[in-house]
Amino acid sequence: EAGVTQFPSHSVIEKGQTVTLRCDPISGHDNLYWYRRVMGKEIKFLLHFVKESKQDESGMPNNRFLAERTGGTYSTLKVQPAELEDSGVYFCASSQQGALGTEAFFGQGTRLTVV
Amino acid sequence: QKEVEQNSGPLSVPEGAIASLNCTYSDRGSQSFFWYRQYSGKSPELIMSIYSNGDKEDGRFTAQLNKASQYVSLLIRDSQPSDSATYLCAVSGTYKYIFGTGTRLKVLA
């Protein structure tokens, strides 16, 4: 069974440009999460989808970030316009719908560098 | 106060020794606790989950949870150089995982 897939694996863009990250969760997983790790800091929650609905987007840093999950399958995270502080590794994770404590499985991450 | 706290390390242990990794959390309502291992440049990989007080053993790994003290730990017995990685503690109350900064473990051959 395929795991959580993210692409691109790396992206280098200039400040002010737009970047779109994609995540394909494990098939059948209704829960999809985006996280970000900035250099030297902990992995921080960005938002959580249940199917196509945003359950919790409390971690989104500002309105330059837009996440979508049309059809409840793959998700995209767009940063527009990108700023230097957006650099980091963006992880996507997914888990099955169910009771508390369902383990989340992570993708390989997208390393974003804004120059 | 951070929601999930870990000592960033590095924690260095000799090969064959027991490595002890600790984590404290602030939200008493947390119900699920996870340990992830992350090799440099790779994604976090789940190695243990624990939901109730006490110990949970899986091979060389033992997770310990004490909800009264808001403390969760991971013991790695017979540490191997291949165990060298960053170990992330994650705590969940609902579906949202809160991560610590991770502890870097070095197992010396």
So does B/P81 get a backbone contact from the side chain of B/K106, meaning a donor-acceptor N/O pair under 3.5 Å?
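Such a contact is absent between B/K106 side chain and B/P81 backbone.
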Around atom CZ of A/R22, are there more than 12 heavy atoms of other residues, nucleotides or ligands at under 6.0 Å?
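Enclosed: over 12 neighbouring heavy atoms sit under 6.0 Å from CZ of A/R22.
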Nearest-0.5 Å distance, CD of residue B/E5 to OG1 of residue B/T24
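One finds 5.0 Å between CD of B/E5 and OG1 of B/T24.
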Give, as side chain, backbone, both or neither, the part of [X] having an atom under 4.5 angstrom from any heavy atom of chain A.
| X | answer |
| --- | --- |
| B/Q38 | side chain |
| B/L88 | side chain |
| B/F33 | neither |

Nearest heavy-atom neighbours spanning B/S43 and A/F91
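Looks like CA-CE2, 3.9 Å.
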